[in-house]
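Remarks on the structure that follows.
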There are 2 protein chains.
Amino acid sequence: MSHSREDVISAAGRLFARDGYHGTSMRDLGRELGLLGSSLYSHVQGKQELLVAVVERGAGFFQAAADAALAVEGPASERLRRLIAGHLDVMLDHRDEVRTYLNEARSLEPASRERVVAARDRYEQAFRTVLKEGVADGSFRDDVDPKLAGIFVLSILNAVDRWYEEDGGLDRAALASQIADMVERGLRTG
Amino acid sequence: MSHSREDVISAAGRLFARDGYHGTSMRDLGRELGLLGSSLYSHVQGKQELLVAVVERGAGFFQAAADAALAVEGPASERLRRLIAGHLDVMLDHRDEVRTYLNEARSLEPASRERVVAARDRYEQAFRTVLKEGVADGSFRDDVDPKLAGIFVLSILNAVDRWYEEDGGLDRAALASQIADMVERGLRTG
DNA sequence: TCCTAGCAAACGAACGTTCGTTTGTATCCT
DNA sequence: AGGATACAAACGAACGTTCGTTTGCTAGGA
């Protein structure tokens, strides 16, 4: 019947994702675990530390997925497909952490927010790199702006969390190829 | 030196957009106007009423823009371009209300939230309708799923608020055609 | 002269956090 | 084996602060 720090962080992810950081109290969090709010202080130093833990977890998942996708050999379009599929996997496997990462990072104190923004930039850079490669090798149109195109792709991907539910008729892989197909048609030469 | 209800609502939009509903206190809001928090109650009944006003304002702008775009004669692709440009105009001309509408609607009490969700669905329907028309008249590929494509376009548009600043090298019209061009390449036959 | 915007003061509730204490459970010594 | 020791987990009460809101009053403009 004993709880770990891990339990607290994942409950925090759940509530921060659902109600937001400012919309979640330590007592709410305690209740979620069958504890008093004050009891959480046996596991963490404070509320802000929980937000940091959840958000950095989300950021870490994305970076790991990007590193894996970039390591794939073959045409740039294939790496782009892997980036897209990887992003969806991270989102759907770690929905609470990702939603908190996407929507609640602004509630971080400046020091940790800066780290998160830097991580976000690094991740976006992965998309830009692959797009640039595709332009360079002629598989993508040369009037494609890698920065802009990267933003568009990530916009579609990040918004998935706002509408998609996995239990419906469209499974994860089908969604990934719907996105990748439409994106690729928008990018490729010919 | 006297303030109107209008002043209060637009200050609320500014702060809700920047700090979120739960991150904004009535005292913050008063300070923004050079008043005490309690003085706001001369103009509005309470904090929630301010959120409702700001969010419904945002929703209203979008609906008006959609109605105008749908009334345009000509090919579906032209109406789609108008929807895109109109969406950007609304976002950039009413940034605070739109950001609040997009991010803070979850803090609405159920009754008003339902109205807002309904308005959002109606607006999304405008995009779906145009896409369906384009598929029907053969200008868009017939394997385009209007629902999915509509979501993708709106994902790109709504995310603009998260990264775009109008003072840079890319003006509003250029952004609109970058988006419309890429989207249209992803949709059109051939 | 009345109406309204605003202030000052206060309300009760909730906030994040700290405190002293209790409980259960290992660990070690004999 | 059994009793003392140590520790982590949780409790319950309280801290000071902030929250949204209410009340009663005052000053100024129509």
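Taking atom CG of residue A:Leu36 and atom P of nucleotide C:dT23, one finds them 15 Å apart after rounding to whole Å. Rounded to an integer number of Å, the gap from CG of B:Leu40 to C1' of D:dG20 is 11 Å. Atoms CG (A:Leu50) and C1' (C:dG16) sit 12 Å apart, rounded to a whole Å. Between the NZ atom of B:Lys47 and the C1' atom of D:dG20 there is a distance of 8 Å, given to the nearest Å. Rounded to an integer number of Å, the gap from CG of A:Asp28 to P of C:dC15 is 6 Å. We find that CZ of B:Arg27 is positioned 11 Å from C1' of C:dC11, with the value rounded to whole Å. C:dA14 atom P lies 10 Å from atom CZ of A:Arg31, rounded to whole Å. Rounded to an integer number of Å, the gap from A:Met26 CE to C:dT17 C1' is 8 Å.
Close to C:dG6, at under 4.0 Å from its OP1 or OP2, lies a side-chain N or O of B:His3. For the pair A:Ser39 and D:dA9, the criterion of a side-chain N or O lying under 4.0 Å from OP1 or OP2 is not met. Listed pair B:His43 / C:dG6 meets the phosphate criterion, a side-chain N or O lying under 4.0 Å from OP1 or OP2.
Mapping B:Ser4 and B:Ser38 onto DNA chain C by nearest heavy atom places B:Ser4 closer to the 5' end of the strand.
Salt bridge status for A:Glu109 with A:Arg113: absent, with no side-chain N to carboxylate O gap under 4.0 Å. Between A:Glu184 and A:Arg81, at least one side-chain nitrogen of the basic residue sits less than 4.0 Å from a carboxylate oxygen of the acidic one, meeting the salt-bridge criterion.
Under the salt bridge (charged side-chain N to carboxylate O under 4.0 Å, His left out) test applied with A:Glu124, the options A:Arg120, A:Arg128, A:Arg122 reduce to a single match, A:Arg128.
Heavy atoms of B:Thr24 sit under 4.0 angstrom from primed sugar atoms or phosphate atoms, though from no base atom. Within 4.0 Å (heavy atoms only), A:Gly23 reaches no atom of the nucleic acid at all.
The nucleotide whose nearest atom lies closest to any side-chain atom of A:Leu35 is, among D:dA10, C:dG6, C:dG16, D:dA10.
A donor-acceptor contact closer than 3.5 angstrom is absent between the side chains of B:Gln125 and B:Asp121.
For A:Ser42 against D:dA10, a side-chain-to-base donor-acceptor contact under 3.5 Å is present.
B:Tyr21 does not carry B:Arg106 over the face of its six-membered ring by the limits of under 6.0 Å from the centre and within 45° of the normal.
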